[in-house]
Amino acid sequence: MNTIQMQAWDSVLILGFGPIGYLFTALARNIAAQVAVTEIDPFRFNIAHSFGVTAFNPDKCDLEAEVIKMTSGKKFDIVIDAVGTQLENAVKYVTSGGKILAFGMDDSFSATLKPYQLTAGPLNLGTYIGQNTCLPAIKILQGGKLDLSKFFTEVVPLEKGASAFPKSVSI
């Protein structure tokens with residue numbers, strides 16, 4: 001969040017509504033004027049929809065057309081790649097002079113971008129740096145402004161924690 005300096009007037013698109021996308025969405029809902037997400041998994045898509053933000057399944061719609069429609073042709077001020085495979089798409093959905101945060105990490109994926117795509121806008125590209133984030137995260141959680149009720153699907157006692165990991169694969 002420090003990297004992208006989200007403002008109250010920003011429109012924000014979060015690509016991917018997994019755990020990281022969920023947290024970015026929860027934060028953006030408290031800051032930005034307009035928030036939308038993408039998700040292809042039906043379970044996560046339904047959570048995004050019930051979260052009160054516009055949700056798109058890019059496998060079932062023309063996402064670029066939906067972005068143009070939702071933003072009246074402007075595209076989004078901020079696009080966050082919460083997956084790690086969406087950098088090329090993020091460039092397509094961000095407005096000229098907008099910001100992209102490449103947050104998701106997927107070492108198996110490679111993106112192809114032309115320098116012109118980054119400089120013609122101009123475009124601000126930020127990446128995740130996880131230093132000194134614990135205290136701000138604790139303060140955000142203590143503030144009680146994030147609805148994390150849908151984030152957790154089950155509470156498992158600590159002594160049974162190891163048994164929860166196989167369940168997370170099936171969700």
Side-chain angles (χ1 to χ4, degrees), residues 1-130 133 140 145-151 171:
M1 295 302 282
N2 287 338
T3 301
I4 54 175
Q5 297 294 302
M6 190 179 295
Q7 302 296 319
W9 53 83
D10 283 328
S11 58
V12 180
L13 176 64
I14 295 120
L15 302 173
F17 197 74
I20 297 300
Y22 184 100
L23 288 173
F24 272 115
T25 303
L27 291 166
R29 283 181 62 219
N30 283 291
I31 300 169
Q34 185 179 42
V35 181
V37 301
T38 65
E39 181 54 57
I40 59 172
D41 178 79
F43 175 77
R44 291 177 174 176
F45 181 88
N46 288 333
I47 291 174
H49 191 263
S50 71
F51 205 57
V53 297
T54 302
F56 300 107
N57 180 336
D59 287 347
K60 296 183 178 182
C61 73
D62 179 348
L63 185 55
E64 197 160 4
E66 293 293 338
V67 165
I68 296 296
K69 181 178 167 185
M70 184 172 182
T71 61
S72 301
K74 180 181 166 243
K75 299 186 179 179
F76 285 91
D77 299 309
I78 297 171
V79 179
I80 299 170
D81 174 7
V83 180
T85 62
Q86 297 298 305
L87 185 58
E88 291 175 50
N89 287 325
V91 171
K92 292 192 296 189
Y93 309 138
V94 70
T95 193
S96 178
K99 303 172 190 174
I100 293 175
L101 178 63
F103 190 91
M105 296 181 195
D106 185 341
D107 190 38
S108 68
F109 184 79
S110 295
T112 302
L113 298 174
K114 296 178 182 177
Y116 178 80
Q117 292 174 287
L118 303 177
T119 58
L123 179 70
N124 299 302
L125 177 61
T127 57
Y128 168 68
I129 300 172
T133 58
I140 289 169
K145 293 183 179 181
L146 299 185
D147 176 12
L148 297 178
S149 62
K150 293 179 175 68
F151 187 76
I171 290 178

Query - Shortest non-hydrogen contact between Val12 and Ala32, atoms and distance - result: CG2-CB, 3.6 Å
Query raised in the report: side chain to side chain contact (heavy atoms under 4.5 Å, CB included) with Leu13: which of Ile100, Thr38, Ile80, Val94?
Result: Thr38
Query raised in the report: Between the main-chain N or O of Lys74 and the side-chain N or O of Thr95, is there a donor-acceptor pair closer than 3.5 Å?
Result: yes
Query raised in the report: Given side chains that start at C-beta, do those of Asn57 and Glu39 come closer than 4.5 Å, heavy atoms only?
Result: no
**Report entry** Spatial distance of atom CD1 (Ile140) from atom CG (Asn30) [nearest 0.5 Å]
**Finding:** 9.5 Å
Query raised in the report: Around Ile40, counting heavy atoms of other residues, nucleotides and ligands shown, do more than 12 lie under 6.0 Å from its CD1?
Result: no
Query raised in the report: What heavy-atom pair brings Val53 and Ala48 nearest, and what distance separates the two atoms?
Result: CG2-O, 3.6 Å
Query - Where Lys75 and Tyr93 come nearest, the two heavy atoms and their spacing - result: CB-O, 3.3 Å
Report summary line: Correct closest heavy-atom pair for Pro19 and Arg44 would be CD-NH2, 3.8 Å
Query raised in the report: Where is the tightest heavy-atom contact between Ala82 and Ile20, given as atom of each residue plus distance?
Result: CB-CG2, 4.1 Å
Query raised in the report: Asp81 side chain to Gln86 main-chain N or O, any donor-acceptor pair under 3.5 Å?
Result: yes
Report summary line: Looking only at heavy atoms, the pair that brings Gly84 and Asp106 closest together is O-CB, 3.8 Å
Query raised in the report: So, the side chain of Gln34 versus the backbone of Met70: is there a donor-acceptor pair under 3.5 Å, distance only?
Result: yes
Query raised in the report: Any side-chain heavy atom of Ile78 within less than 4.5 Å of one from Leu101?
Result: no
**Report entry** Side-chain heavy atoms of Phe24 within contact of Met6, under 4.5 Å
**Finding:** no
Query raised in the report: Is a donor on one side and an acceptor on the other found under 3.5 Å between the side chain of Gln7 and the backbone of Gln5?
Result: yes
Query raised in the report: Is Ser11 reaching over with its side chain to a backbone N or O of Asp77, donor-acceptor style, under 3.5 angstrom?
Result: yes
**Report entry** Ile31 and Asp10, any side-chain heavy atoms less than 4.5 Å apart
**Finding:** no
Query raised in the report: Would you call the rings of Phe51 and Tyr22 parallel, tilted or perpendicular if under 30° counts as parallel and over 60° as perpendicular?
Result: tilted
Query raised in the report: Could you give the distance from CD1 (Ile47) to CZ (Phe17), rounded to the nearest 0.5 Å?
Result: 7.0 Å
**Report entry** From Phe76 atom CZ to Ile14 atom CD1, the distance as rounded to the nearest 0.5 Å
**Finding:** 9.0 Å
